[in-house]
Amino acid sequence: MYQFRNDYSVGCHPVVLEALSNANTEHVVGYGADKYCKDCADLIRELCKAPKADVQFMVGGTQTNLTAIAAFLRPWESVITPVSGHVNGHEAGAVEATGHKLLTVATSSSGKLSAALLKPILEECKDEHLTKPRLVYISDATETGSVYTKAELTELSLFCHRNGLFLFLDGARLGCALAAQANDLTLSDIAALTDSFYIGGTKNGAMFGEALVITEPKLQADFFRLKKQRGAVLAKGWLLGLQFQALFKDDLYFKIAKHAVEVAQYLQGGLKNLGIPMMTDSPTNQLFPIVPNTLLPQLDKLCTYEIWGKADEEHTVVRFVTSFATPLSAVEGFLKALKDIT
């Protein structure tokens, strides 16, 4: 059975596991006040060229999104998000449960926001009987695998700052976004153009964990207290700092993301050669083939995947995802087997 369900179905990269094993018997200070978290936070600030940024280690993406948004906003303020945004479609109302309304925007299949898409919402919400938009939520890569260019993120950043909006970037799959051929952004660009973003570890080699980077000084005060209140402070916080230390050593984080993207692009090319169209041409590690419904039973026997949605009465969009643990040989074997049955 070939494995394309997601990029977090295996434990972690062997280098990360080795680091955890080596430190397993140490007695370490708790709640993120340890040497691993402190040293790793300094390393992230250096990589981002943001010496005054606050770095907070979190366990998972939903926890990071809801904690950050709850900390950054006043009770009457709301979040602008693409309809396809993770906070809207996959988090069981976690942000709304903190008391903040989500204002959704329909986008193209890319899932990307632009200044033009934000303007109508700002106009509509001038009425003081409505919530006040205060934070713009985006993802890189997006839920459909697209990436923001530097020009696009710069335009969005300038618009947000001119209109008193915070720009928050969900980086659950930031590694693969940065590794994509279509990408021209760096970590330091993202740090300079957003008010806060996070570096995803769960979906790029960590056992679990995300590194939240808060660059806007106004958003840093008392963040830890809110984080504790939301149950987002891990007693064994050193496990998070240690994992990110291991991932950033010798650029491992970026190398394994590059591998995930390269095997995904090989798979995407092979699928197209077999005459299978894509919902969108993804430059990252998430692929969205459109397959005949009659093929699904055979696909079930061949590989793991997720149903993304209905394309039409006779076709379904499925999602294939690759990771550091996806060997090229598996992709080659899958394509050969798929060719035999199609």
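W308 forms part of a hydrophobic cluster together with M279, F288, I290, V317, judged by ILVMFWY side-chain heavy-atom separations under 4.5 Å. Cluster partners of Y31, using a side-chain heavy-atom cutoff of under 4.5 Å among ILVMFWY residues and allowing indirect links, are F224, V233. Listed by chain and number, the hydrophobic cluster partners of W76 come to none, as no ILVMFWY side chain reaches under 4.5 Å of it.
Panel note: side chain E46, backbone D42; no donor-acceptor pair is recorded below 3.5 Å. The main-chain N or O of G205 is never found under 3.5 Å from a side-chain atom of Y253 such that the two would form a donor-acceptor pair. With hydrogens and angles ignored, the 3.5 Å screen pairs no side-chain donor or acceptor of R230 with any backbone N or O of A70. With D34 contributing its side chain and G30 its backbone, the two residues share no donor-acceptor pair below 3.5 Å. A donor-acceptor pair under 3.5 Å links the side-chain atoms of Q220 to the main chain of I214, judged by distance alone.
With N285 as the partner, the side chain to side chain donor-acceptor pair (under 3.5 Å) test is satisfied by one option alone out of D7, T326, N204, T322: D7. Residue I190 forms a side chain to side chain contact (heavy atoms under 4.5 Å, CB included) with just one option from L178, I199, T215, V213, and that option is L178.
Taking the salt bridge (charged side-chain N to carboxylate O under 4.0 Å, His left out) definition, one finds that K150 meets it with D189, sequence neighbours left out. For E314, there are no salt bridge (charged side-chain N to carboxylate O under 4.0 Å, His left out) partners, not counting sequence neighbours. Annotation: side-chain contact (heavy atoms from CB on, under 4.5 Å) contacts of T316 (sequence neighbours excluded): N293, L296, I307, V318. Annotation: side-chain hydrogen bond (donor to acceptor under 3.5 Å, both in side chains) contacts of Y305 (sequence neighbours excluded): D300. For H161, there are no ring pair (Phe, Tyr, Trp, His ring centres under 6.0 Å) partners two or more places apart in sequence or in a different chain.
Side-chain polar atoms of S84 and E143 form no donor-acceptor pair below 3.5 angstrom. Checking E262 against Q265 by side-chain atom types alone, no donor-acceptor pair falls below 3.5 Å.
Annotation: F208 is not in aromatic contact with Y8 [ring centroid separation under 6.0 Å not met]. Ring centers of F324 and H13: under 6.0 Å apart, within the cut-off. Taking the six-membered ring for Trp and the full ring otherwise, F334 and F320 have centroids separated by under 6.0 Å.
Put simply, the side chain of L122 reaches to within 4.5 Å of the side chain of F159, judged on heavy atoms.
Atom CG of D140 and atom OG of S146 lie 9.5 Å apart (nearest 0.5 Å). Atom CG in N6 sits 7.5 Å away from atom OG1 in T304 (nearest 0.5 Å). One finds the OG1 atom of T284 at 12.5 Å from the CD atom of Q181 (value rounded to the nearest 0.5 Å). The CG atom of L299 sits 6.5 Å away from the CG atom of L338 when rounded to the nearest 0.5 Å. For the atom pair S78 OG and E96 CD, the distance stands at 11.0 Å (nearest 0.5 Å). From I138, atom CD1 reaches atom CZ of F197 across 11.5 Å, with rounding to the nearest 0.5 Å.
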Listed pairs under 3.5 Å, donor-acceptor, residues 234-241 side chains, sequence neighbours left out:
none

N/O donor-acceptor pairs under 3.5 Å from side chains in residues 17-29, not counting sequence neighbours:
{"residue": "N22", "atom": "ND2", "partner": "E18", "partner atom": "O", "Å": "3.3"}
{"residue": "E26", "atom": "OE1", "partner": "Y36", "partner atom": "OH", "Å": "2.9"}
{"residue": "E26", "atom": "OE2", "partner": "Y36", "partner atom": "OH", "Å": "2.7"}

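Using a 4.0 Å cut-off between charged nitrogen and carboxylate oxygen, E77 and K132 do not count as a salt-bridge pair. The pair D340-K336 counts as a salt bridge, with a side-chain nitrogen and a carboxylate oxygen less than 4.0 angstrom apart.
Applying the side-chain hydrogen bond (donor to acceptor under 3.5 Å, both in side chains) test to residues at least two apart or on different chains, the pairs with a partner in residues 106-119 are S108-S110, K112-E152. Every pair passing side-chain hydrogen bond (donor to acceptor under 3.5 Å, both in side chains) that includes a residue from residues 48-59 is listed here, sequence neighbours excluded: D54-Q56, Q56-K227.
Within a 6.0 Å sphere centred on CD of E306, other residues, nucleotides and ligands contribute more than 12 heavy atoms. Other residues, nucleotides and ligands contribute over 12 non-hydrogen atoms within 6.0 Å of the CZ atom of R162.
Between F168 and Y137, the ring planes lie tilted relative to each other; the angle falls in the 30° to 60° range.
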